[in-house]
Structures are given as structure tokens and as C-alpha cells.
Amino acid sequence: MPHGDLTADIAQRRDALVELRRSFHRHPELAWEERETAAAIADHLRRAGLDVTEGVGGTGVVGLLRGTAGEGGRTLLVRADIDALPITEVNDLAYRSETPGKMHACGHDGHIAIALTLADLLAARRDQLHGAVKFAFQPAEERMGGAEPMISDGVMRSPDVDAVIGLHIWSPTPVGDVVVQAGPFFASADEIALTVRGRGGHGAMPHLNVDPIVAAAQIVVAVQTLLSREISPFHPAVVTFGTITGGTAFNIVADEVELRGTVRAYDAADRAFLLRRIGEVASGVAASLRAEAQLEVIHGCPACVNDADITELVRRAAEATVGAEHIPSGDQRQSVSDDMALFLEAVPGCYFLVGAGNVEKGITAPHHSARFDIDEDALPIGVEVLARATIDYLSR
Ligand SMILES: [Zn+2]
Ligand SMILES: [Zn+2]
């Protein structure tokens with residue numbers, strides 16, 4: 001057993017780990033405003049003896065831990081996102097958010113605490129690490145904006161990163177389970193804005209006008225047929241129109257309607273195909289009704305695609321931590337998205353889920369809910385899986 005007393009070591013750090021999570025939970029900061037959060041992270045990493053760089057890609061923080069088990073070796077990046085959400089917490093907890101309108105309602109407070117505890121743990125085991133561990137504390141995940149500037153600011157260089165791992169605490173999965181899967185895992189996400197233009201006029205004289213609302217209604221239906229008729233039945237994908245706005249009064253034909261929606265896919269080709277075909281179908285349907293449609297695509301992020309080898313490494317770490325029976329089998333893909341995808345595009349890696357729900361304790365609220373909470377037993381599990389995977393990856 002190369003990891004010795006790892007489990008006991010983590011158990012000893014449990015109280016500090018939980019307290020760390022609660023302190024970040026009390027003081028949430030929104031995307032790009034994570035200044036106090038970043039300062040607390042940098043301070044913790046420095047005290048653990050890491051080389052710290054602040055202001056990476058905005059409010060990001062990078063900590064570098066160099067192993068001492070010989071010269072050279074590989075570099076593993078551990079990524080944790082740090083931003084909160086614009087939600088007022090309604091939970092009656094001693095450590096509830098102290099800022100109305102801001103809440104760690106996705107578990108990123110836990111991600112920070114896990115990664116900082118991992119840094120402490122590994123700093124005490126430098127002599128077992130052949131290579132380096134780089135910690136990337138990423139801002140603005142909820143806006144899908146923080147990964148890209150960190151990467152363009154050089155987080156993957158000096159030393160060059162060979163692989164990346166990261167986790168998301170996940171309340172839909174019961175605490176004690178860890179979800180690990182190779183291949184596409186989280187979907188891509190892009191926003192679409194579709195403007196349908198007609199020619200407004202009197203609602204009683206439609207023949208003298210061009211009605212964009214009727215055209216928009218047919219576009220909404222026609223676009224759904226892309227999923228049932230043009231994408232392979234073996235390739236899941238989603239197109240959801242979340243808003244439709246237009247018109248001024250009940251008896252006036254509108255000039256223009258705007259539809260906004262989201263497109264999700266697991267395959268880069270499906271993603272590109274859907275974004276192209278939505279525009280073509282919308283224009284074609286609109287033209288058939290004398291209207292015009294114009295599509296604007298606001299690119300979000302690609303799918304999170306897990307590398308087979310790194311995923312196997314994480315699976316072994318998860319098995320050693322929770323047992324194979326606590327790693328759910330079958331297709332575990334999620335239709336949500338995460339800009340961890342950009343790190344996974346840059347180098348081979350694995351993004352995985354650590355269950356944090358608990359029906360008996362009433363911890364069932366969904367992510368991004370004002371009632372969201374986690375079972376804190378998830379925290380040491382997250383630390384242990386990351387620690388085992390990291391030590392394995394950097395063993396000679
Ligand atoms: Zn979230
Ligand atoms: Zn999240």
C-alpha cells in the first residue's frame with residue numbers, strides 16, 4: 001500500500017476541512033469579484049509552502065508544489081472553481097451566507113476547501129512526488145468565463161502541464177458515491193439568439209402585414225425536428241428556447257420577435273452541425289412565411305471529454321477510497337456544462353463527481369437553489385480521491 005496512512009491523515013484534517021468550507025460559505029463572492037476569496041486562497045497556499053501567483057486571468061490564483069522525489073517528472077494540474085451565485089440563501093444554518101443576494105449554491109466553497117486541504121496534505125508528502133502539482137483556483141465558472149483567461153495567461157506553462165484533474169461536488173448523487181466516466185461527460189453549451197423580423201400592423205388585417213410571431217412559433221417546432229430527424233438517435237443533444245419576446249399589444253402584429261435559447265451536445269461535430277442547421281432552418285421557415293430570421297451564436301464552452309488513461313487513474317483512486325460498489329455503472333453523462341472543458345481540451349484529464357446528497361439528512365435541494373447544501377462527508381472523499389490520483393500520477 002504505497003499511500004500509507006493517507007486515510008488517517010485526511011481524517012485528522014477533517015475538522016479543519018469542514019471549517020474551511022464553512023468560512024468560504026459564509027463569504028461568497030460572484031464571478032470576477034472573488035477578491036477576498038482569492039486573497040484567502042493565496043494566503044493559505046503560501047502558508048503551506050507553495051509558490052503562489054495571484055491575478056492569473058483576473059481573480060484566479062495558481063499554487064505550485066514541487067515534489068522532491070528526484071529531478072524532472074510530470075506536472076499535474078488540479079483545478080478548482082471558486083465563484084458563488086447571485087442567490088439569497090434561505091437555509092437556517094450557523095454558517096449560512098452573510099451576504100444577501102450571494103450564495104455558494106453550487107458547492108464551489110467545497111471545491112476550494114478540498115483543493116487547499118489537498119495542498120496541505122501533499123506539501124507534507126513532497127518526498128513522494130516525482131514532478132509537480134499545480135493548483136488552479138479558477139474564477140467565474142458560473143459564467144463560463146474564467147478558464148479561458150487563465151489558460152491564455154499561461155497557467156498551462158512553466159512548468160508545462162501534462163494532465164489535469166478536477167471534481168464537482170454533486171448533490172443529485174448520494175454521498176459516498178463517486179461518478180467517474182471516460183469520454184464525453186458534461187455537454188457543450190452555447191447560447192443562441194434568434195431574431196425573427198416581419199412587418200407590423202393592424203391585428204385585424206394580417207394579410208397586409210408579415211407576422212413574426214406565427215413564423216417564430218413554426219421555427220420553434222421545426223428546430224426540435226433537428227434532434228429527432230437529423231442527429232443520430234445514438235447522440236443525445238438538447239435545444240431549449242428559454243425566452244421568446246416580441247409584440248406590444250394584443251391587437252397589433254409585431255415587427256420583430258426575439259428567441260433566446262441554449263444548445264447542448266456531447267460531440268464537437270454535433271455541436272457545430274446544430275448551430276449551423278438552427279440558423280438554416282430558422283431562415284428557411286421564416287422565408288416560407290415572408291419573414292426573415294437571423295441567428296447569433298454566443299459561444300459558451302465545449303463538452304468535457306475525459307481521457308481514458310487519466311480516467312482510469314482516477315477510477316482506481318476512487319475505488320481505493322469508496323470501493324468499486326460506490327462507483328455507479330452505466331452512462332453517467334450530465335447535460336450541464338463546465339468550462340473545465342477548456343483544460344480538458346488543452347491536455348488529457350478527468351473531471352469527476354463526488355456525491356454530496358443525503359435524503360435522510362434532508363440534503364436534496366438541487367444545485368443553484370436557495371436551499372442548496374451538501375453533506376460535508378463528501379469533502380474528505382474528494383480530498384482522498386484527488387490525493388490518491390495525484391500521488392499515483394507522480395510516482396516514479
Ligand atoms: Zn453551478
Ligand atoms: Zn458548479
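Both ligands and their constituent atoms are indexed starting at 1 by order of listing. Along the sequence shown, residues are numbered consecutively beginning with 1. Everything numeric in this text was worked out from a predicted model, so none of it was measured.
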field: Set of salt bridge (charged side-chain N to carboxylate O under 4.0 Å, His left out) partners for Asp83, sequence neighbours left out
entry: none
query: What distance separates Leu65 CG from Thr75 OG1, expressed to the nearest 0.5 Å?
result: 10.5 Å
Can you give the donor-acceptor pairs under 3.5 Å from side chains of residues 203-217 to other protein atoms, not counting sequence neighbours?
{"residue": "Asn209", "atom": "ND2", "partner": "His202", "partner atom": "O", "Å": "3.1"}
{"residue": "Asn209", "atom": "ND2", "partner": "Met205", "partner atom": "O", "Å": "3.0"}
{"residue": "Asp211", "atom": "OD1", "partner": "Ile213", "partner atom": "N", "Å": "2.8"}

Taking only distance into account, with no hydrogens and no angle test, what donor-acceptor pairs under 3.5 Å do side-chain atoms of residues 47-55 form with protein atoms, sequence neighbours excluded?
{"residue": "Arg47", "atom": "NE", "partner": "Asp43", "partner atom": "OD2", "Å": "3.3"}
{"residue": "Arg47", "atom": "NH2", "partner": "Asp43", "partner atom": "OD2", "Å": "3.2"}
{"residue": "Glu54", "atom": "OE2", "partner": "Arg46", "partner atom": "NH2", "Å": "2.8"}

- prompt: When you look at CD of Glu71, are more than 12 heavy atoms from neighbouring residues, nucleotides or ligands closer to it than 6.0 Å?
  reply: no
message: At a cut-off of 2.8 Å, what protein N/O/S atoms sit near the Zn ion (ligand 1)?
response: Cys106 SG, Glu142 OE1, Glu142 OE2, His368 NE2
query: Angle class for the His168/His367 ring planes (parallel below 30°, perpendicular above 60°, tilted otherwise)?
result: perpendicular
